[in-house]
J.: 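Sending over a structure as structure tokens; questions will come in a sec.
Residues: numbered from 1 along the sequence shown. All figures in this text were calculated on a predicted structure; none of them were measured in a lab.
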Amino acid sequence: MSSLLMTEEMDLLLDRRLPLQETFHSSLLAGQLVELSKRLRADVFVHETDEIQGMYDEHIPMESWMRSKLETMGINKLYKHQGEAVEAIRQGRNVVICTKTASGKSLSYNIPIMEKLVADLNACALYLSPFKALVEDQFAHLQQWADLEEENVSNFKMAGFSKLKVHGTEVPAGLLFGQRNIPQHMRKDQASNLVFEQGRYWLTNVHYLHPILQSIGAQTGKASQLIRFLTNLRYIVIDELHHYSGMIGSKVAMVIRRLRMLCERLGNREIQFIACSATIANPKYLVEELTGKRGIQGFHEVMESNAPINKKDIVLWNPGLIDIEHKRRAVASDLYEILKTVYRNGQWPRSIIFSSNRQKSQLLSRELNMILRTHLNESGSIELKEGQDLFLPYHANLPQEIKEQTIKKLQQGEILGVVATKALEVGIDVDCLDLCIMLGYPGSHASFWQQAGRVGRGGDGLVVMMLQEEPLQQYYARNPLEFFQQIPESAAININNPKILREHLVYAAHEQGGTIYNAINYVRASVLRKVLAEVDEQWQQAEGKLMYMGESPKYLPLIAMGETYTVVSKSGWNETILFQNVDTRSLIRDYHVDAIFLGSDNRSYYKVKWIDKRQRKVLVEQVRSDYLTRGIVRDSIEVSDITKLILVGNELKANIGNIIVKRNTFGYKKIYTHNEKPSETVQLTNTYPVSFQTDALWLLWDEQGKSQLRNLLAGIQTVSDLTFEELLDGSIHAAEHALAAAIPAIVKCSAADFQHVSFHSSSTLFGMPGLFIYDSQVGGGSGIVEVVAEKFNVLLKKAELMMTSCRCSNGCPSCVQLFQCERQNEPLHKAGGVVVIQSLQRHFKEII
């Protein structure tokens, strides 16, 4: 009988599954990596976490229907910490659950929530997450609460909305989130009207809750629907609490207060908060700051996890030195050798590799496919077809359909693993992973343990953190025990930031019909007085009421990302979305005109033809190429106005104010993919710069100050082959890097929250040397530069210590070289940088 199937149909029927491993022994593989490290001269440290048996709550009371429901989910008993959380929530207490990954936090709150929603037909619940992907994942998990469909039971479902029947009671649940730049026919949130009208369990992210509240003050049909929901709201779940640190936490705290104000104006004082967090030092303090609930209304902590933990081996891997100048082997080179060792002798663990950015996840997954296909074919382990994928990228710019297909392929064993960004760090359950490799320290202990928690859910797990040439990471390489003994970081927010309070007070007034009652119940009275004094003409105060007299506000995003773009290829009238939600920094670095990049399939090359700024589209065409491009981005700065004088002197001035940053693609590098040909730099003339205003702290050396630096650097100049201008440039650049490396440790912020740049001669500063530290957020407002100014003397001491404690002579990644430097760490002069930092300390000692 001849086949009636077409070639494409035959291809779909192929079994692409790879041979999977029944058992995985992490200690065996860790031992193999230790042997490999000797050959590669890498420094390794192996830390082992023991297997821990679970402790169960045998006596928690539960109605028979709930017990049966849990049994259908495969749950016969709860862990002790789950029982503690359930009982505390049932008693009406606010609860924060801070336990390890995969310890069943969502079950801890959904049991009492579902009990309430079944018992009270009007009761509602709100789930909040920092990430849209996690919201979708939680919505998918809610479906398991639905009664098994029988003749008399109907569970209505559509994309983004479900009418769940739970114990015969209808519990409509659904997603709410904004989707910019996505064509109408591709949107997944088609059901938002049904969620507003009927939903009793809303799931959204904190960014979208902000504009949701706006609708109550607007003349739209959604106002009455929102009133219905808020009047009956009983539970607010704040997931991934540890992400609400710094600027975003400060703004979310204002959104939560606005939500509380609205509910209390509607007569609803029965809301309970339930927060879930990864391990941080101060979860109770953070959530009480975030919600404004303290004292008798404060939070009960559930801290001790009683869930079973599988054995894990954690390897800190520091690539070996290749020369006497303290340069190390490339992390990627060691990664290839590690994976060749992993995938041999019948070993088939499934892996997740965490990369620092989206472009790297694309490029690395492509390289791994080529290297491992060759390795496996040559070893005789398996015969792989040319082009067969073993690793795929996973990042936020990929279309949702591609991300879902990637996770499905991973779970079904069609690929060995994914190269992911932090998009897969939280929440999304992929329970088949054995090996986690981090390409660098992820920035916090909370993130480290979150990423490590992706593996070992069904058995042993192996974690490898490959340390990069960066000051903090090399410190951990020298002190590995300190890394594992270190207490988790504290999260910090500033609910007294006047800029943020001023903005959100106006939103609150709009949402409450122009009048805020008892504002001092939600914010500190002294800060409120300060803000009102600054904009006295906009407000009237009487008998505990604040009446807003200004114009209706335009709602700004919590985090001002600016415009985002969609990357599309066209064939006739048809458009294919390759990447979406591309921010402007990525646009000018990765998708400038003539940029060449990889598509999501890791095979196709695309070239940018033109950028449609009106429709915010990047139009591309498929090409044949032997290179990719990486844009060289430069910031130019213009001072807009000075808001605060920090230091006024004849030699050095320091100011806080507003600057305009113009970000431009200076050129790009051609990175060849198939040969050893060195990269080439191409200069661009036809570019699309982006401009934004933000807050900054800047230092300006005037003529006398420059002369003073000349005298201080004279001794160094006599033994160097540099002109004074060259030495000055390298010295200020090194001081800038040392300060930037110290800021996250002192100011409690992420390195992504601020930018920095220095000049030895700048038209911005009248031809004088200068140094800028500025808020990454468009528009500023995070308060970071104010804290940097306040702690500047402490920062200077920390920066000096980081430089002088390193044994290198010329400056290395352990002290002044920064991985993300747009100037490729040129020029840097370590000794001159120390002189500049010490000089600054003398100036600032007078005012601190």
J.: Do we see a donor-acceptor contact under 3.5 Å between the side chains of Gln32 and Gln347?
T.: yes
J.: Look at atom NZ of Lys284 and say whether more than 12 heavy atoms of other residues, nucleotides or ligands are closer to it than 6.0 Å.
T.: yes
J.: Got a sec: does the CZ of Arg344 have more than 12 other heavy atoms crowding it under 6.0 Å?
T.: yes
J.: For Tyr336, does the OH atom have more than 12 heavy-atom neighbours from other residues, nucleotides or ligands under 6.0 Å away?
T.: yes
J.: Judged by atom type as modelled, is there a donor-acceptor pair below 3.5 Å linking the side chain of His243 to the main-chain atoms of Pro130?
T.: no
J.: Tyr56 and Asn306: side-chain donor and acceptor closer than 3.5 Å?
T.: no
J.: How many angstroms lie between CZ in Phe177 and CG in Leu209, if you round to the nearest 0.5 Å?
T.: 14.5 Å
J.: Where is the tightest heavy-atom contact between Asn310 and Gly459, given as atom of each residue plus distance?
T.: CB-O, 3.0 Å
J.: Is the count of non-hydrogen atoms from other residues, nucleotides or ligands lying under 6.0 Å from Glu304 atom CD greater than 12?
T.: no
J.: Applying the side chain to side chain donor-acceptor pair (under 3.5 Å) test to Tyr127, which of Asn110, Thr204, Asp239 qualifies?
T.: Asp239
J.: What residue pairs, at least two apart or across chains, pass salt bridge (charged side-chain N to carboxylate O under 4.0 Å, His left out) with a residue in residues 311-321?
T.: Lys311-Asp313
J.: If you apply the rule side chain to side chain contact (heavy atoms under 4.5 Å, CB included), what do you find for Asn318 with Tyr476, and how did you get there?
T.: CA-CA 10 Å; Asn318 198 26; Tyr476 286 142; over 6 Å; no
J.: Decide whether Asn602 and Ser365 meet the rule of one side-chain donor and one side-chain acceptor closer than 3.5 Å.
T.: yes
J.: Kindly determine whether Phe483 and His445 satisfy ring pair (Phe, Tyr, Trp, His ring centres under 6.0 Å), including the steps that lead there.
T.: CA-CA 9 Å; Phe483 177 82; His445 269 58; 4.6 Å; yes
J.: Would one find more than 12 heavy atoms of other residues, nucleotides or ligands at under 6.0 Å from atom CD of Gln53?
T.: no
J.: Walk me through whether Tyr244 and Ile238 qualify under side chain to side chain contact (heavy atoms under 4.5 Å, CB included).
T.: CA-CA 10 Å; Tyr244 302 119; Ile238 303 174; 3.5 Å; yes
J.: Looking just at side-chain N and O atoms, do Gln359 and Arg630 make a donor-acceptor pair shorter than 3.5 Å?
T.: yes
J.: Do the ring planes of Phe754 and His756 sit parallel (below 30°), tilted (30 to 60°) or perpendicular (above 60°)?
T.: tilted
J.: Tell me, do Val464 and Met438 make a side-chain contact under 4.5 Å, heavy atoms counted?
T.: no
